There are 2 protein chains.
Amino acid sequence: MGYRENPRPGGRSARVQAAVHQSVRDMLATMDRADVTIPLIAQRANVTPSTIYRRWGDLQQLLADVAASHLQPEGEPASIGSAREDLEAWVEQYADEMASGVGRQMLRDVLAAADSANAEKCGTYTRYQLAVFIARAEKCGEPFPTLTDLMDHVISPIIYRILFDQAPGSDYVRRLVAKVMPESAAGA
Amino acid sequence: MGYRENPRPGGRSARVQAAVHQSVRDMLATMDRADVTIPLIAQRANVTPSTIYRRWGDLQQLLADVAASHLQPEGEPASIGSAREDLEAWVEQYADEMASGVGRQMLRDVLAAADSANAEKCGTYTRYQLAVFIARAEKCGEPFPTLTDLMDHVISPIIYRILFDQAPGSDYVRRLVAKVMPESAAGA
DNA sequence: TTCACTAACGCAAATTATTTGCTTTTATAC
DNA sequence: GTATAAAAGCAAATAATTTGCGTTAGTGAA
């Protein structure tokens, strides 16, 4: 009677999920968000509205689900130079992505949903990515901030500004990273 | 044709706004949020639904409006001891309030709305409060963090955790404050 | 005061979204 | 194959939203 969290791949359920997600992404990309409704999503996905209602509950949950799956990182972050340089590049891209119209809206969607599971997922994704840099630095004996410091003093200010204030610029982001690096008094 | 942002006090429009806000607060306090609908709010406020639709647009906007007006600070923060002690007490209360079920929900409401005006209002409220502590410290010649540092390294981590993770405890909050205070290496 | 003006409200019909009971389909395990 | 159960489809019933139009109540000028 209940719906599975992760449908078996290849099954009908998975196909419906994919079609609905795709439909939502298409619509968000091409039309005003206020005009995105469940009946329309259903029509474009060749599915009945009741299927969507039963599976996701309401539009907010569906949007949160789509947003969270879009915010999920594809793979390991790129490794070009030192751990610090890699981190800097990654954070800058992260900030840009989240501050963009689409990213901002995805953050909203994820936070707006009644169920906070999707929001927590996003936090987990971010920590997971950052942990990669920490592991790399450790392997090279490079001094590096802790995960907590990165989350509290780099990620949090960026997200706060995006949500409650103005989008942060790249100078600002670099300063945040510089400040949190150990053994180097905010050089630059 | 358009609705005023701030209706003239005493007028009919102001009475309707007050009744609707009150109705929303009552309902949020006594029933499940999923059951709070515009027709119900309207009935309790002795107003027609169409009035609410025309004025606020949809439920999210209305909830955001109510939440923002509830998050608006009443007056100046309390002054008991040194600026640092006052700040510590204020931040701790701030964190508790925001992390509570009600506070968390208000944050969500404010962020979920299509219009970001209410979210920005909240950020402004917070900065305004913090500026009071800074002014006090300056007057006493007490060393004190800048507004930017407080927003980035105290407020942001607290809000981020509430939204994407677990509610922060009071130990954690005190550590954030200690860390941001100048001329004192995270004493505690 | 009175009067003209208009923003905001009320009412009700029309539209659209949501819920729900029941049936049918389709993976999966036996 | 066949049985089973999760998930989808369909359609009727309910509930929310939009909208056109008439009414009310503050406002400002005579």
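Reminder, nothing fancy here: chain letters follow the sequence lines and each chain counts from 1. Just so we're clear, the structure is a prediction, and the values are computed from it rather than from any experiment.
A donor-acceptor contact closer than 3.5 angstrom links the side chains of A/Glu85 and A/Ser82. A side-chain donor from one of A/Asp26 and A/Gln22 sits under 3.5 Å from a side-chain acceptor of the other.
Separating the CZ atom of A/Arg12 from the C1' atom of D/dA6 is a distance of 8 Å, rounded to the nearest angstrom. Distance CG (A/Asn46) to P (D/dG9): 9 Å, rounded to an integer number of Å. The distance between atom CG of B/Asp58 and atom C1' of D/dT19, rounded to the nearest whole Å, is 17 Å. When the P atom of D/dT19 is taken as reference, atom CD1 of B/Ile52 falls 17 Å away, rounded to whole Å. The interatomic distance linking A/Leu59 (CG) with D/dT17 (P) rounds to 12 Å, in whole Å. Per the geometry, CD belonging to B/Gln43 stands 12 Å off P belonging to D/dA15, to the nearest Å. Note: OH (B/Tyr53) to C1' (D/dT17) measures 5 Å, nearest angstrom. Look at CZ on A/Arg54: it is 12 Å from C1' on D/dA11, rounded to the nearest Å.
Comparing B/Gly57 and B/Gly11 against DNA chain D, the residue whose closest nucleotide sits nearer the 5' end is B/Gly57.
Using a 4.0 Å cut-off, some side-chain N or O of A/Thr48 falls inside it from OP1 or OP2 of D/dG9. Listed pair B/Arg55 / C/dC9 meets the phosphate criterion, a side-chain N or O lying under 4.0 Å from OP1 or OP2. Note on B/Arg15: every side-chain N or O is 4.0 Å or more away from OP1 and OP2 of C/dC9. Residue A/Ser50 places no side-chain N or O under 4.0 Å from the OP1 or OP2 atom of D/dG9.
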Audit row: A/Arg108, A/Gln105, side chain to side chain donor-acceptor pair (under 3.5 Å) steps and yes/no:
CA-CA 5 Å; A/Arg108 295 245 156 94; A/Gln105 197 51 63; 4.8 Å; no

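Ion pairing between B/Asp109 and B/Arg104 fails under the 4.0 Å rule for side-chain N and carboxylate O.
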